[in-house]
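Before any comments, here is the structure.
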Amino acid sequence: MPLLRTQHSVLPGFTLSFALSVLFICLVILVPLSGLAIHVSQMSWAQYWGVITDPRSLASFRVTLLAAAGASGINAVVGLLLAWVITRYRFPGRRLMDALVDLPFALPTAVAGLTLSALFAANGWLGQWFEAVGISVAYTPLGIMIAMSFTSLPFVVRAVQPVLEDLTPDVEEAAATLGATPMATFTRVILAQLMPALLTGTALAFTRSLGEYGAVIFIAGNMPFETEILSLLVNIRLDEFDYAAASALASVILIASLVLLFGIQLVQSRLTRRWKGH
Amino acid sequence: MHERPRHWHQWFLIMAAFAAIAILLVMPLALIFTEAFSQGWAMVQQNLTNPDMLGAIKLTLIVTLITVPVNLLFGILLAWCVTRYEFRGRKLLSTLIDIPFAMSPVVAGLCYLVVYGAQSVVGNWFSGMGVQLMFALPGMVMVTVFVTCPYVARVLIPLMESQGQHEEEAAIILGASGWQAFLYVTLPKIRWALLYGVVLTNARAVGEFGAVSVVSGLIRGQTLTLPLLVQMWNQDYNTVGAFTAAGLLAAMALVTLLLKTVLEWATQHSSDNATEQKTEQDTP
């Protein structure tokens with residue numbers, strides 16, 4: 001395929017690896033995606049708009065967006081704390097802490113959901129303390145937020161950690177010698193350099209939270225208009241054999257997550273180019 | 001960079017981090033095993049030998065054993081293609097592979113249902129041949145392949161990019177065939193990363209819930225994988241059973257974490273060695 005190649009390589013196997021990769025990506029990723037797009041395009045605009053602006057759909061948009069935003073906020077703070085402590089200090093249990101951070105990625109989401117709902121139930125290990133001060137967690141939007149923040153916790157930590165490791169201490173020392181308080185050094189010097197990574201991690205966590213299903217449905221209670229997330233509503237429409245409504249709702253999640261994915265990658269490549277000085 | 005904490009506020013931060021880890025990660029793990037064993041060992045044994053449980057374990061293994069080799073092969077091909085050649089659309093190819101990471105699993109399941117379901121052209125053709133894709137094993141394998149396809153490629157691409165291709169080129173110039181160059185030069189350099197990719201793919205394939213639940217049809221004794229069984233038994237108020245299935249999956253997750261830590265160390269170690277050797281060669 002000489003037309004595609006912009007530079008010749010002595011290594012053989014371009015045609016084989018390129019053709020098979022493209023074939024796989026088409027069959028596994030692009031065909032199903034375009035199938036959904038075709039399915040949605042067969043609906044009239046009025047039909048589509050009707051499904052999207054249905055009060056129950058609007059309520060599920062609201063619940064999903066608010067819970068995902070809350071979860072990403074929690075993760076930005078907790079993730080930054082964990083990344084900071086793991087990279088900056090030496091203490092017993094540091095390696096274990098580092099390894100455990102990935103637990104939410106390794107633990108199946110259904111297991112996370114089952115466990116969190118038992119943990120935060122009114123008589124659960126943690127839920128009883130919240131109940132004592134009058135806060136219900138399980139089967140409320142708060143529970144959805146906790147489930148989402150559990151499954152997306154590693155994103156912020158793993159995005160911030162490498163940047164934090166590469167920060168050179170001389171900038172901080174310079175700030176301190178010039179009379180900056182520790183707080184000012186942290187916000188003006190360290191946080192400023194961490195911002196791109198922190199935002200990337202938080203955006204990834206937000207994207208994951210928007211689409212989270214397994215962990216949420218166990219703890220949410222799934223009451224229409226109150227604790228029903230968008231992915232669940234898609235599944236309910238499917239069970240009713242209303243494929244049109246399910247596809248329309250799914251297209252909204254899909255567009256949102258694709259825009260987020262490409263947006264994050266665009267911003268990231270811009271930033272790395274700026275860092276490299278091009 | 002690592003320092004021993006000296007000030008009280010540093011100790012405070014460490015304590016806060018431990019509290020977060022304990023509440024968010026350790027307590028859930030402890031709860032799973034406490035609940036699973038709450039009715040004693042005999043009950044656990046009874047749950048583990050239940051036909052539904054054995055069926056779910058078998059189905060989960062079948063799905064995983066098909067998915068992992070498929071994605072291993074595809075991951076190597078894609079990583080080889082985008083790191084060894086310069087061509088138009090290279091960036092696009094490595095972006096497209098990230099789509100399954102960003103997509104909601106339920107939406108993924110729905111896409112497959114729309115394209116390969118009985119009402120579709122493709123699904124119709126297959127059912128004419130006597131093969132049912134959706135609400136059966138083929139559909140479950142297909143969505144699992146979709147959900148897990150980025151892992152191997154994502155692990156390999158940065159590593160192979162940083163390793164470069166001079167050694168492969170030398171092998172080719174010295175008369176090796178393409179396969180020999182791959183088997184004897186590339187493969188030894190990427191073996192740990194490859195294994196790491198397999199571990200990640202395996203964990204996700206075993207634990208996938210949303211996408212599989214859409215296309216499985218949830219037929220008892222036939223299309224329930226372990227995560228789906230967790231939900232089914234939980235809905236049946238068989239809490240101990242649900243936590244026993246969850247315990248099996250959590251044990252898999254812990255093994256995954258252990259392997260991941262070891263493999264990350266091995267990958268780093270071998271690439272450190274490679275750069276050391278390189279600098280030794282460069283300085284006469």
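Chain identifiers are assigned alphabetically (A, B, ...) following the order of the sequence lines, protein sequences preceding nucleic acid strands; residue numbering begins at 1 within each chain.
- Only the side chain of F218(A) comes within contact range of chain B, judged by heavy atoms closer than 4.5 Å.
- Heavy-atom distances place the side chain of V78(A), and not its backbone, under 4.5 Å from chain B.
- Contact count against chain B (heavy-atom pairs under 4.5 Å) is highest for L238(A) among L238(A), I146(A), T207(A), L210(A).
- There is no contact between V122(B) and chain A, counting heavy-atom distances below 4.5 Å.
- Here CG of L258(A) is found 7.5 Å from CE of M103(B). Values are rounded to the nearest 0.5 Å.
- For the set I99(B), T261(B), V230(B), T256(B), the entry with the most heavy-atom pairs within less than 4.5 Å of chain A is I99(B).
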Intermediate values then yes/no, side-chain contact (heavy atoms from CB on, under 4.5 Å), F18(B) and V85(A):
CA-CA 10 Å; F18(B) 267 116; V85(A) 167; over 6 Å; no
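- Looking at I253(A), only its side chain comes within 4.5 Å of chain B, counting heavy atoms on both sides.
- Among Y116(B), Y112(B), W80(B), the residue with the largest count of heavy-atom pairs under 4.5 Å with chain A is Y112(B).
- Heavy-atom pairs under 4.5 Å with chain B peak, among S17(A), A246(A), G35(A), at S17(A).
- Interface remark: F101(B) contributes no atoms to any contact with chain A (heavy atom separation under 4.5 Å).
- Here the side chains of V114(B) and S247(A) are in contact, with some heavy-atom distance below 4.5 Å.
- Within the model, atoms OG of S120(B) and NE2 of H39(A) stand 10.0 Å from one another, a figure rounded to the nearest 0.5 Å.
- Scanning all heavy atoms of the two residues, the minimum distance from L96(B) to I29(A) falls at O-CD1, 3.7 Å.
- Put simply, the side chain of L110(B) reaches to within 4.5 Å of the side chain of L36(A), judged on heavy atoms.
- Residue contact with chain B, scored on non-hydrogen atoms closer than 4.5 Å, is absent for L204(A).
- For the options L113(B), I173(B), I97(B), heavy-atom pairs under 4.5 Å to chain A are most numerous at L113(B).
- In this structure, F262(A) places its CZ atom where more than 12 heavy-atom neighbours from other residues, nucleotides or ligands lie under 6.0 Å away.
- Your options are A203(B), G178(B), A153(B), A102(B), and the one with the most heavy-atom pairs under 4.5 Å with chain A is A102(B).
- Contacts of L119(A) with chain B are made by both backbone and side-chain atoms, with heavy-atom separations under 4.5 Å.
- Contacts with chain A were tallied for L25(B), V143(B), I32(B); L25(B) has the most, counting heavy-atom pairs under 4.5 Å.
- Only the side chain of Q119(B) comes within less than 4.5 Å of a heavy atom in chain A; its backbone stays farther off.
- At least one side-chain heavy atom of V145(B) sits less than 4.5 Å from a side-chain heavy atom of F24(A).
- A pairwise comparison of heavy atoms in L33(A) and C111(B) identifies CD2-SG, 4.2 Å as the closest pair.
- Between atom SG of residue C81(B) and atom CZ of residue F14(A) there is a gap of 5.5 Å, rounded to the nearest 0.5 Å.
- Within the 3.5 Å criterion, the main-chain N or O of P12(A) finds a donor-acceptor partner in the side chain of Y85(B).
- The two residues A250(B) and L107(A) come nearest to each other via the heavy atoms CA-CD1, 3.7 Å.
- Taking all atoms of both residues into account, the shortest heavy-atom contact from S104(B) to S231(A) is OG-OG, 3.3 Å.
- For the atom pair CG of L257(B) and CZ of F105(A), the computed distance is 11.5 Å after rounding to the nearest 0.5 Å.
- With a 4.5 Å cut-off on non-hydrogen atoms, A30(B) touches chain A through its backbone and its side chain both.
- Interface residue P28(B): backbone and side-chain heavy atoms are both found under 4.5 Å from chain A.
- The most heavy-atom pairs under 4.5 Å with chain B, out of W84(A), F91(A), W125(A), Y243(A), come from W125(A).
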Trace of the side-chain contact (heavy atoms from CB on, under 4.5 Å) decision for W11(B) with Y89(A):
CA-CA 9 Å; W11(B) 280 113; Y89(A) 306 131; over 6 Å; no
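- G214(A) and F209(B) make their closest contact through CA-CD2, 3.4 Å (heavy atoms, listed as atom of the first residue, atom of the second, distance).
- Contacts between A20(B) and chain A at a heavy-atom distance below 4.5 Å involve the side chain alone, from C-beta outward.
- Within the 4.5 angstrom heavy-atom criterion, no atom of S149(A) approaches chain B.
- Proximity to chain B (any heavy atom under 4.5 Å) is restricted, for L30(A), to the side chain, taken from C-beta onward.
- M252(B) touches chain A through its side chain: at least one heavy atom from C-beta onward sits under 4.5 Å away, while N, CA, C and O do not.
- Heavy atoms closer than 4.5 Å to chain A are found in the side chain of N234(B), but not in its backbone.
- Contact count against chain B (heavy-atom pairs under 4.5 Å) is highest for L126(A) among I264(A), L116(A), L126(A).
- Here the closest non-hydrogen pair linking V234(A) and V106(B) is CG1-CG1, 3.9 Å.
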Evaluate M27(B) against T115(A) for side-chain contact (heavy atoms from CB on, under 4.5 Å), listing each step before the verdict.
CA-CA 9 Å; M27(B) 270 178 109; T115(A) 314; over 6 Å; no
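- A 4.5 Å side-chain heavy-atom check between L23(A) and F74(B) finds every atom pair outside the cut-off.
- Using a 4.5 Å cut-off between heavy atoms, L11(A) touches chain B through backbone and side chain atoms alike.
- Around atom CZ of F130(A), no more than 12 heavy atoms belonging to other residues, nucleotides or ligands sit under 6.0 Å away.
- With chain A as partner, the option from E168(B), Q10(B), M142(B) having the largest number of non-hydrogen pairs under 4.5 angstrom is Q10(B).
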Could you give me the CA-CA distance, side-chain angles and deciding distance for T109(A) and E208(B), then say whether side-chain contact (heavy atoms from CB on, under 4.5 Å) is met?
CA-CA 7 Å; T109(A) 51; E208(B) 180 48 35; over 6 Å; no
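- If you measure heavy-atom distances from T34(B) to chain A, the contacts under 4.5 Å come from the side chain alone.
- Heavy-atom distances place the side chain of S213(B), and not its backbone, under 4.5 Å from chain A.
- Looking at L78(B) and I25(A), their side chains come closer than 4.5 Å, going by heavy atoms from C-beta outward.
- Chain B forms the most heavy-atom pairs under 4.5 Å with one residue out of D98(A), L27(A), L82(A), and that residue is L82(A).
- Using a 4.5 Å cut-off between heavy atoms, N71(B) contacts chain A through its side chain alone, with no backbone atom that close.
- No side-chain heavy atom of R88(A) sits less than 4.5 Å from a side-chain heavy atom of L13(B).
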